[in-house]
Amino acid sequence: MGFPLEGVRILELGQIIAGTYGGLMLSDLGAEVIKIETPQGDLGRIPSVAPYKGQSALFLTLNRNKRSIVIDLKSAEGLRVFHDLVKTADVVIDNFRPGVLERLKIDYPTLKAIKPDIIQCSVTGFGATGEYKDAPALDVIIQAIAGYMAITGEPDRPPVRTGIPIADLCGGIFSSQAILAALFDRERTGEGRHIELSMLDGMLSLLIYLGTMWLTKGELAEPPGSGHMYSVPWQAFQCADGYLVIATRQEAFWTRLCDAIEAPELAADPRFASNPDRVSNRETLVPILEEILARRTVGAWIEIFRERDIPAAPVNNLDGAFAEPPVAERGMIVEYDHPQVGKVRLPGNPIKMSGMEGTISTPAPMLGEHTDEVLSGLLGLDAAMIAALRAAGAVK
């Protein structure tokens, strides 16, 4: 059956993470993604960001499977080349500040006049209009303003950001979802769409029930550490050699846990009889569990808990995470050979689908590596035409 997005062509004007992660996800489903880079290249190429052998591991990761073409959109010749490429494409992704698309003449009304069924997805920090439209929107800024840093970390400690750039990544996740919906709709209507995606909107959506509790009840969330506001025990516990987490959402799990740690009296204690009781008496119960769990190693407890089907897991760092059996079983490590840094191993595609065998994994491109290939293959330009464009500074 092949990959479901085979034949879909995406022109990616995005940079760093928010404008590139969505393209990576779509490329894993078979889409052809052509990066349109400035002569200076994607800012994600800056080698000081996750440095690896003079390259940025950020760029090596987020631009797997893509081709790179350099076009100077500020030149008349370069803009014509881009408009010609739009005629061959299905989707354009960008993450410029508001106003840049219009200034460069690559906004949706312009592109729609060139190709009526084009889909354009614009990822912004705070939206294309409104009071904050021109405000900087780095990941940590969005995490802070969206409330995440206030509800992450340990109580009575300074604010903490998540260990991954979740605000940037949510821009990519929601943009790919929106693009797929627009492609489906175009099959029915023949019409393209302009998608305008705000990273702040995405982060507010991910607040889910915590957002509902504030908006509806006026209840402010607090940083829970590894714990949970509404469930106990549901947190990390220190063992003899490390940490594990336990999550006993159902009462059956709580009863099994008490038997497994040889403390059945806890299950019979009226202070801990139900989850609401345990939440109310968290400060009493948790130290008891901490003292018991510290007696054995993580591995010993995990073996006991898995035998009894108790939700628990070791608190892994990345070495432990990528060594877990499902990682290999589900092909979640892929690799490619890069012309400058050699073999690169990186996380694979989480989407598994019948008829979609393996994972597409071609090297992240060198800057402008595919310029001639794309111009000749898609636009039919000969070597002399390409040389003239290069001499004029329109392409590189």
Side-chain angles (χ1 to χ4, degrees), residues 1-37 42 44-45 50 52 55-69 89-95 119-121 123 164-184 186-187 195 197 202 318 321-322 324 326-338 341 343-366 369-370 373-374:
M1 296 173 63
F3 290 80
L5 295 185
E6 286 177 358
V8 173
R9 179 172 296 130
I10 297 171
L11 305 181
E12 183 183 275
L13 293 162
Q15 298 193 73
I16 314 181
I17 301 175
T20 61
Y21 186 53
L24 172 62
M25 296 179 71
L26 297 173
S27 78
D28 275 336
L29 296 174
E32 175 190 5
V33 180
I34 302 173
K35 285 186 69 68
I36 310 295
E37 300 193 65
D42 183 339
R45 291 183 180 273
Y52 179 66
Q55 300 287 322
S56 165
L58 182 153
F59 186 87
L60 295 175
T61 302
L62 293 169
N63 295 284
R64 176 171 57 86
N65 304 337
K66 302 175 186 178
R67 295 194 288 172
S68 169
I69 173 172
D90 298 287
V91 181
V92 175
I93 302 175
D94 65 78
N95 68 324
I119 294 166
Q120 184 169 20
C121 180
V123 182
I164 58 171
I166 189 170
D168 283 335
L169 292 170
C170 89
I173 292 169
F174 283 117
S175 67
S176 64
Q177 182 182 23
I179 288 166
L180 291 174
L183 286 168
F184 178 76
R186 193 178 69 175
E187 290 299 305
I195 301 161
L197 183 73
L318 301 192
F322 282 104
E324 293 287 359
V327 177
E329 293 165 357
R330 297 183 58 78
M332 279 306 298
I333 298 176
V334 298
E335 61 183 48
Y336 62 70
D337 290 312
H338 188 272
V341 304
K343 181 175 291 187
V344 178
R345 302 178 75 233
L346 62 168
N349 177 16
I351 298 173
K352 317 301 180 187
M353 192 178 301
S354 62
M356 197 172 79
E357 300 298 331
T359 299
I360 304 168
S361 188
T362 59
M366 303 297 292
E369 178 181 347
H370 304 97
E373 175 184 310
V374 170

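The backbone N or O of I69 sits nowhere less than 3.5 Å from a side-chain atom of H370 that would complete a donor-acceptor pair. K343 places no side-chain N or O within 3.5 Å of a backbone atom of E335 that could act as its donor or acceptor partner. Between the K35 side chain and the D42 main chain, no donor and acceptor come within less than 3.5 Å of each other. With R64 contributing its side chain and I360 its backbone, the two residues share a donor-acceptor pair below 3.5 Å. Side-chain atoms of T359 never come within 3.5 Å of backbone atoms of S361 as a donor-acceptor pair (strictly under, hydrogens ignored).
Closest heavy-atom contact between I173 and Y21: CG1-CE2, 3.7 Å. Summarising the geometry of A321 relative to V327, their closest heavy-atom pair is O-CG2, 3.3 Å, with the distance given to 0.1 Å. In terms of heavy atoms, K352 sits closest to R330 at NZ-O, 2.7 Å. Among all heavy-atom pairs drawn from F3 and E357, the shortest one is CZ-O, 3.5 Å.
For N95, there are no side-chain hydrogen bond (donor to acceptor under 3.5 Å, both in side chains) partners two or more places apart in sequence or in a different chain. With sequence neighbours left out, Q120 forms a side-chain hydrogen bond (donor to acceptor under 3.5 Å, both in side chains) with D94. With sequence neighbours left out, the side-chain hydrogen bond (donor to acceptor under 3.5 Å, both in side chains) criterion links N349 to no other residue. Under the side chain to side chain contact (heavy atoms under 4.5 Å, CB included) criterion, P4 pairs with L29, M353, M356, sequence neighbours left out. With sequence neighbours left out, S175 forms a side chain to side chain contact (heavy atoms under 4.5 Å, CB included) with C121, V123, L197. Remark: R67 pairs with E32, E373 by the side-chain hydrogen bond (donor to acceptor under 3.5 Å, both in side chains) rule, at least two apart or across chains.
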| query | Could you go step by step and tell me if I17 and L62 meet the side chain to side chain contact (heavy atoms under 4.5 Å, CB included) rule? | reply | CA-CA 7 Å; I17 301 175; L62 293 169; 3.5 Å; yes
| query | Taking it one step at a time, do T362 and Y336 satisfy side chain to side chain contact (heavy atoms under 4.5 Å, CB included)? | reply | CA-CA 6 Å; T362 59; Y336 62 70; 6.0 Å; no
| Step-by-step side chain to side chain contact (heavy atoms under 4.5 Å, CB included) determination, I351 to D28 | CA-CA 8 Å; I351 298 173; D28 275 336; over 6 Å; no
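With values rounded to the nearest 0.5 angstrom, L13 atom CG is found 12.5 Å from T20 atom OG1. If you take CD1 on I10 and CD1 on I34, they are separated by 10.0 Å, rounding to the nearest 0.5 Å. Annotation: the span from K66 atom NZ to E369 atom CD amounts to 14.0 Å, rounded to 0.5 Å. Residue L26 holds its CG atom at 11.0 Å from CG of D90, rounded to the nearest 0.5 Å. Atom CZ of R45 is separated from atom CG of L58 by 11.5 Å, given to the nearest 0.5 angstrom. The distance from the CZ atom of F322 to the CD1 atom of I333 is 6.0 Å, given to the nearest 0.5 Å.
Exactly one residue among V91, N63, I36 makes a side-chain contact (heavy atoms from CB on, under 4.5 Å) with E12. That residue is N63.
Side-chain contact between V33 and N65: absent, with no pair of heavy atoms (C-beta onward) separated by less than 4.5 Å.
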